[in-house]
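Comments concern the structure below.
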Amino acid sequence: MRVVVAMSGGVDSAVAAARCVAAGHDVIGISLRLAVDGTGSCCSLDDFHDAHAVADRLGIPHYVFDFRDAFTRAVVEPFVADYLAGRTPNPCARCNQHVKFDLLWQRARELGADAAKDQTYFLFGLDHVALGRTLFPVGELTKVEVRAEAAALDLPVAAKPESMEVCFVPAGDAAAFVERHAPPGTIRPGVIVDGDGTVVGTHGGVHRFTIGQRRGLGLGGDAPRYVRRLDAGTATVSVGRLEDLAADGLIARGTIWSAGAPPVAGTRLDVRIRHRHRPLPARLVEACGDVTRVRFEESGPAVTPGQAAVFYRGDLVAGGGWIAQATP
């Protein structure tokens with residue numbers, strides 16, 4: 001069948017394309033131009049050259065599509081708005097949901113593809129319809145195995161370093177990016193207060209902080225302090241002790257369930273609240289519409305509004321949503 005492979009210029013998508021070719025599919029490689037100001041850690045001109053070199057090596061056509069306007073609306077503008085509202089956004093998951101598995105699929109369909117292709121990190125935004133038209137050729141491989149296969153195939157990106165930063169944020173400086181793109185008058189300085197409301201410092205805007213942050217607060221004292229709460233309305237940052245960050249559960253909005261319907265209340269789930277955090281054992285309290293409430297079986301770490309909460313049942317992704325708030 002005809003398969004469109006989303007080629008980032010990295011090793012994962014290169015091996016995915018090679019596997020599709022080896023499987024006998026009619027493969028077309030495409031790359032997406034997303035960065036809004038020509039900078040960032042991926043989707044750059046160099047990445048396009050790398051993707052094209054892989055396509056040449058595999059003997060498949062390769063095209064670059066300009067998705068900058070759509071990317072700005074679906075990812076960059078919500079990214080800036082979340083920081084200004086005191087949330088910590090997850091742009092990669094939003095890009096997967098609204099760009100790669102929405103607009104990219106439309107373009108793949110125009111090219112006559114039978115399945116959309118992409119190697120993404122966060123997949124909770126895929127419902128059962130999207131999963132039914134998607135292949136993951138390297139899904140069972142570790143990164144070491146992917147690189148070994150790329151080297152065996154003599155693919156030019158076999159040793160290419162990983163991109164770990166937000167792709168459209170130069171040098172990983174999210175605060176500076178928000179300040180460049182925020183509407184006039186939306187950056188507000190404010191105060192930092194401790195647990196009893198005493199002012200212990202000042203700041204240049206809540207977009208410079210995230211829940212659980214310890215470094216860069218500019219506060220004196222012997223005991224470490226952590227960001228507990230961000231109030232964008234009053235431009236107030238509240239800090240406290242590490243134990244003050246613990247949450248008993250969370251409320252997520254915009255939930256998508258992979259099977260199309262939620263599990264019954266009381267179902268045991270493992271919840272990952274950031275992509276590098278270990279999954280936390282929890283119980284589903286309620287799933288009403290796209291709003292989901294879960295309670296951890298043990299008090300969990302700091303829950304950060306704006307991040308994705310992904311729900312697992314064993315090794316399977318049951319679904320996920322956007323964290324709206326922690327529950328006490």
Side-chain angles (χ1 to χ4, degrees), residues 78-79 81-98 101 120-131 195 206 209-213 226-233 236-238 240-328:
F79 177 86
D82 274 349
Y83 268 117
L84 294 176
R87 297 185 292 268
T88 302
N90 191 318
C92 297
R94 188 177 294 277
C95 179
N96 289 341
Q97 183 176 3
H98 297 291
F101 284 90
T120 59
Y121 200 92
F122 299 120
L123 301 175
F124 80 89
L126 303 189
D127 59 18
H128 62 290
V129 176
L131 288 170
V206 296
F209 301 90
T210 186
I211 302 297
Q213 178 179 336
Y226 300 80
V227 176
R228 295 179 54 208
R229 188 178 305 108
L230 299 172
D231 187 335
T236 301
V237 176
S238 300
R241 302 166 300 173
L242 180 61
E243 52 267 34
D244 297 330
L245 298 177
D248 286 340
L250 61 84
I251 297 173
R253 299 185 182 275
T255 309
I256 294 175
W257 296 102
S258 302
V264 299
T267 298
R268 187 188 183 281
L269 300 168
D270 291 320
V271 183
R272 191 185 296 273
I273 60 173
R274 287 207 184 196
H275 77 278
R276 289 191 177 91
H277 281 189
R278 65 176 179 85
L280 304 170
R283 295 281 176 180
L284 177 63
V285 176
E286 180 184 27
C288 182
D290 69 347
V291 179
T292 302
R293 183 190 300 266
V294 298
R295 183 167 296 277
F296 305 137
E297 293 188 346
E298 298 180 1
S299 185
V303 172
T304 308
Q307 287 289 298
V310 181
F311 311 125
Y312 295 84
R313 300 185 72 176
D315 292 334
L316 299 178
V317 174
W322 300 101
I323 298 174
Q325 66 185 79
T327 55

To the nearest 0.5 Å, what is the distance between [atom1] ([X]) and [atom2] ([Y])?
X	Y	atom1	atom2	value
Leu250	Asp248	CG	CG	11.0 Å
Asp270	Leu316	CG	CG	11.5 Å
Tyr226	Leu245	OH	CG	8.0 Å
Leu230	Leu84	CG	CG	12.0 Å
Thr236	Arg229	OG1	CZ	10.5 Å

Quiz item: Should Arg283 and Thr267 be marked as a side-chain hydrogen bond (donor to acceptor under 3.5 Å, both in side chains) after you check the CA-CA gap, both sets of side-chain angles, and the distance that decides it?
Solution: CA-CA 6 Å; Arg283 295 281 176 180; Thr267 298; over 6 Å; no
Do you know the tightest heavy-atom contact between [X] and [Y]?
X	Y	value
Arg228	Ile211	O-CD1, 3.4 Å
Ile323	Ala309	CG1-CB, 3.8 Å
Asp82	Pro89	OD2-CB, 3.5 Å

Quiz item: Would you say the side-chain atoms of Thr327 and Arg295 include a donor-acceptor pair closer than 3.5 Å?
Solution: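 Distance-only check fails for Thr327 and Arg295.
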Quiz item: Is it true that the NZ or CZ of Arg87 lies under 6.0 Å from the centre of Trp322's six-membered ring and within 45 degrees of the ring axis?
Solution: no
Quiz item: Is a side-chain N or O of Gln325 found less than 3.5 angstrom from the main chain of Pro305, in a donor-acceptor match?
Solution: no
Quiz item: Would a distance-only check, ignoring hydrogens and angles, find a side-chain to backbone donor-acceptor pair under 3.5 Å from Gln213 to Thr210?
Solution: yes
